[in-house]
Amino acid sequence: IPMSINDAGAIACQGTINGVTHACLLMPLQSETFTLAINVVGNGSVVYVADSLNHMIRKITITPTRNTVTTFAGSGIAGLADGLGTAAQFSYPQRILVDSAGGSRVFVTDIGLDDRPALRLVSPLGDVQTFGQEFLRRTGNQFVGLCIDPYRNIFLATPERHIITAINPLGEVGIAT
């Protein structure tokens, strides 16, 4: 299903084009769908998109006068590299959420390469960091849920092992009990 946040009649373009959404909207390739996270900021909103097939996190800035699509993080090449903006690499990012209480940090689950799933933290400036990777690799390589509670604990649901992984604000990882 195509995703569009723009004026009616906009010209659709596939891929990773940045720009004002009058000229560009995101469309999933093949039958892939996007995972979205929305953060309302002042007089507008920001929508973050886990663009799995393009190995990127896209950002749609929505204001009363225009909507702009940019690449927030990821080079477009599958990999697992931390870094700033397009210097970082993702490998099929899947789930995404915004921690608005934590200064608009973005958390992303990444399938990773060679069965090395990862939870990635993207700062408001686009700096990507990986954490909890060794523990997550032991719990399974696919996450079907990602959420955050009012205390800023992160929870990941893993169907393969029927467990919920918890990560506290200090970055300590364990099984939710």
Side-chain angles (χ1 to χ4, degrees), residues 1-112 117-131 142-149 152 154-157:
I1 300 172
M3 188 227 33
S4 170
I5 301 177
N6 65 0
D7 295 336
I11 300 168
C13 56
Q14 280 186 315
T16 60
I17 297 173
N18 293 324
V20 177
T21 56
H22 296 293
C24 178
L25 64 93
L26 300 169
M27 287 179 55
L29 303 174
Q30 301 165 356
S31 63
E32 186 72 17
T33 57
F34 293 123
T35 304
L36 307 173
I38 300 172
N39 191 25
V40 178
V41 182
N43 198 16
S45 297
V46 176
V47 177
Y48 296 95
V49 181
D51 188 351
S52 293
L53 293 179
N54 288 314
H55 313 289
M56 298 177 168
I57 304 304
R58 308 282 280 152
K59 179 179 178 180
I60 305 170
T61 305
I62 302 168
T63 67
T65 58
R66 74 183 330 172
N67 305 325
T68 306
V69 178
T70 56
T71 301
F72 184 52
S75 66
I77 299 169
L80 186 65
D82 292 346
L84 184 61
T86 57
Q89 290 181 310
F90 291 87
S91 183
Y92 302 100
Q94 297 291 306
R95 306 288 179 247
I96 188 167
L97 70 82
V98 177
D99 176 12
S100 341
S104 300
R105 300 178 310 163
V106 176
F107 292 91
V108 181
T109 61
D110 200 345
I111 289 178
L119 180 64
R120 315 292 295 279
L121 167 63
V122 188
S123 77
L125 298 176
D127 188 27
V128 179
Q129 297 176 345
T130 303
F131 65 97
Q142 185 177 22
F143 307 109
V144 295
L146 175 65
C147 66
I148 192 165
D149 71 11
R152 300 182 57 219
I154 299 166
F155 298 92
L156 297 146

**Report entry** Distance in Å, Ile154 CD1 paired with Asp149 CG, rounded so as to fall on 0.5 Å steps
**Finding:** 9.5 Å
Query raised in the report: Hey, what do you get for CZ (Phe107) to CD1 (Ile96), rounding to the nearest 0.5 Å?
Result: 11.5 Å
Report summary line: Interatomic distance, CG@Leu146 vs CD@Gln94, rounded to 0.5 Å, equals 11.5 Å
Query - Expected output: side-chain Thr71 to main-chain Ala73 donor-acceptor under 3.5 Å - result: no
Report task. List the steps, then state whether side-chain contact (heavy atoms from CB on, under 4.5 Å) holds for Leu97 with Val106. Result -> CA-CA 6 Å; Leu97 70 82; Val106 176; over 6 Å; no
Query raised in the report: At their closest point, which heavy atom of Ala118 faces which heavy atom of Leu80, and how far apart are they?
Result: CB-CD1, 4.0 Å
**Report entry** Distance (rounded to the nearest 0.5 Å) between Arg120 CZ and Gln89 CD
**Finding:** 8.5 Å
**Report entry** Pi-cation contact, Phe72 with Arg58 (under 6.0 Å, within 45°)
**Finding:** no
Query raised in the report: Any side-chain heavy-atom pair from Thr68 and Lys59 closer than 4.5 angstrom?
Result: no
Query raised in the report: When you measure from the side chain of Asp110 to the backbone N and O of Phe90, does any donor-acceptor pair fall under 3.5 Å?
Result: no
Query raised in the report: Taking the side chain as C-beta and beyond, is there a heavy-atom pair between Val128 and Leu121 under 4.5 Å?
Result: no
**Report entry** Reported OG-to-CD1 distance for the pair Ser52 and Ile57, which is rounded to 0.5 angstrom
**Finding:** 8.0 Å
Requested in this report: Mind checking the OG1-CG spacing from Thr61 to Asn67? Nearest 0.5 Å is all I need.
Outcome: 9.0 Å
Report task. Report the C-alpha distance between Gln129 and Arg105 in whole Å, list the side-chain angles of each, state the deciding distance to 0.1 Å, and finish with yes or no for side-chain contact (heavy atoms from CB on, under 4.5 Å). Result -> CA-CA 11 Å; Gln129 297 176 345; Arg105 300 178 310 163; over 6 Å; no
Query raised in the report: Any sub-3.5 Å donor-acceptor pair from Ser91's side-chain atoms to Gly79's backbone N or O?
Result: no
Requested in this report: Might you point out which heavy atoms bring Asn54 and Asp51 nearest each other, and give the distance in Å?
Outcome: ND2-OD2, 3.0 Å
Query raised in the report: Do the non-hydrogen side-chain atoms of Val122 and Asp127 ever get within less than 4.5 Å of each other?
Result: no
Report task. For residues Leu119 and Leu156, determine if any side-chain heavy atom of one lies less than 4.5 Å from a side-chain heavy atom of the other. Result -> yes
Query raised in the report: Any donor and acceptor pair, going by atom type alone, linking the side chain of His55 with main-chain N or O of Tyr92 inside 3.5 Å?
Result: yes
